[in-house]
Amino acid sequence: MTSVYMPPSVRRFEPLHMVFSTWVDHLPFGYDIVAALRPKLLVELGTHKGLSYFTFCQSMKENEIDGLCYAVDTFEGDAHTDKYDESVFSAVNTHNRQHYHGFSYLMRMLFEEALQHFSDDSIDLLHIDGFHTYEAVSQDFANWYPKVKPGGIILFHDVAARVQDFGAWKFWDETCAQHETFTFGHGFGLGVLRKPGGNRSADHPLLKLLFEGSREDDGAALRAFYVHASKHLENTRKLKRLTQQKAEG
Ligand SMILES: C[S@@+](CC[C@H](N)C(=O)[O-])C[C@H]1O[C@@H](n2cnc3c(N)ncnc32)[C@H](O)[C@@H]1O
């Protein structure tokens, strides 16, 4: 009998923390990959206003996952985001305390400084979304890959962004040739990499769809699904806003 996978983002996800970010196109997948992996340890490199990070945290909480989450960022900005002021950290910190107290921690420091706080082979889900030159992404990957558990997942944002001096796309092209990967090309692109090893016998259906597609069109169907899921989320938000505006006269 074929089982049907109904992603939790479709059933119940309404983002609690909406801020402007090009990560907006990947919110349903971000929510679902956390629910699928049930990480004991999740680390994000590059948080800014928290759109991706708080999507992960929301999924941890709503799917009752017992794990720890760490957001690493100087919260000062870089040459791509531009330098930003203290209000950014303050808003992220407030939201974090209000909703994710006790399992989510902000590490206000350089990625390189945070490295020493994590053991090798310990991170279940790592999201790399810092500075986006080819050199910076390659360095973040080289530094942090040893920290990821065998069988663990690394997400890379902006793998389809060919703007300014962004080079994540070039890094990703090279990486796909050497690793087990899946690529979402919509929005600015999201790369999913799986580290070899780990026990895969009880893999969640989403992981099977990502890495063990049984039919040739499995990948295309999954990509199309998440394009629609993010459009649906956006339309739901717009409708809610319009209904509110109408009610307020
Ligand atoms: C593209 S933004 C992150 C976007 C975020 N993930 C979202 O959902 O919108 C990149 C962030 O990485 C931070 N950053 C870049 N390089 C860094 C480094 N070496 N150490 C610490 N933070 C860094 C910047 O301060 C910036 O806030």
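Numbering of ligands and ligand atoms starts at 1, following listing order.
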**Q.** L27 and M18: CA distance, side-chain angles, deciding distance, side-chain contact (heavy atoms from CB on, under 4.5 Å) verdict
**A.** CA-CA 10 Å; L27 299 182; M18 274 314 299; 4.0 Å; yes
Q. R38 side chain to G67 main-chain N or O, any donor-acceptor pair under 3.5 Å?
A. no
Q.
I need the contact type for T74 against ligand 1. Using non-hydrogen atoms and a strict under-4.0 Å cut-off, is it side chain, backbone, both or neither?
A. both
Q) Is the backbone of D25 close enough, under 3.5 Å, to the side chain of H186 for a donor and an acceptor to pair up by distance? A) yes
Q) Has ligand 1 got any nitrogen or oxygen that is less than 3.5 angstrom from a nitrogen or oxygen of G77? A) yes
Q: Assess whether atom CD of E64 is packed by more than 12 heavy atoms of other residues, nucleotides or ligands within 6.0 Å.
A: no
Q. Does ligand 1 have an atom under 4.0 Å from some heavy atom of M109?
A. yes
Q: Could you tell me whether R200 and E212 make a salt bridge, using a distance below 4.0 angstrom between a side-chain N and a carboxylate O?
A: no
Q | Option nearest atom 15 (C) of ligand 1 (shortest heavy-atom distance, choices D78, L51, T47, V24) | A | D78
Q: May I ask you to decide whether K147 forms a salt bridge with D121, counting only side-chain N to carboxylate O separations under 4.0 Å?
A: no
Q.
Side chain or backbone, does H132 bring an N or O within less than 3.5 Å of an N or O on ligand 1?
A. no
Q: Spell out, as yes or no, whether a donor-acceptor pair under 3.5 Å connects the side chain of H179 to the backbone of T181.
A: no
Q) On the ring face of Y134, is K170 found with NZ or CZ under 6.0 Å from the centre and within 45° of the axis? A) yes
Q.
Only heavy atoms of Y84, strictly under 4.0 Å: list the atoms of ligand 1 that pass.
A. 25 (O), 26 (C), 27 (O)
(Q) If the cut-off is 4.0 Å to any non-hydrogen atom of T81, which atoms of ligand 1 fall inside it? (A) 2 (S)
Q) In ligand 1, which numbered atoms sit nearer than 4.0 Å to a non-hydrogen atom of S21? A) 7 (C), 8 (O), 9 (O)
Q: For the pair D203 (side chain) and K208 (backbone), establish whether a donor and an acceptor sit closer than 3.5 Å, ignoring hydrogens and angles.
A: no
Q) Of the choices G46, A136, S52, which has the non-hydrogen atom that lies closest to atom 8 (O) of ligand 1? A) S52
Q | ligand 1 contact by Y53, heavy-atom criterion under 4.0 angstrom | A | no
Q. In the protein, which heavy atom is nearest to atom 11 (C) of ligand 1, and how far is it?
A. D73 OD2, 3.3 Å
Q: Could you tell me the residue and atom name of the protein heavy atom closest to atom 20 (N) of ligand 1, and the distance to it rounded to 0.1 Å?
A: F111 N, 3.0 Å
Q) Judging by distance only, is a nitrogen or oxygen of W23 under 3.5 angstrom from one on ligand 1? A) no
Q: Look at atom 3 (C) of ligand 1 and find which of N143, D129, V19 reaches it with the closest heavy atom.
A: D129
Q. Between F166 and H80, does the ring centre distance come in under 6.0 Å?
A. yes
(Q) Heavy-atom contact check, 4.0 Å cutoff: does E112 meet ligand 1? (A) yes
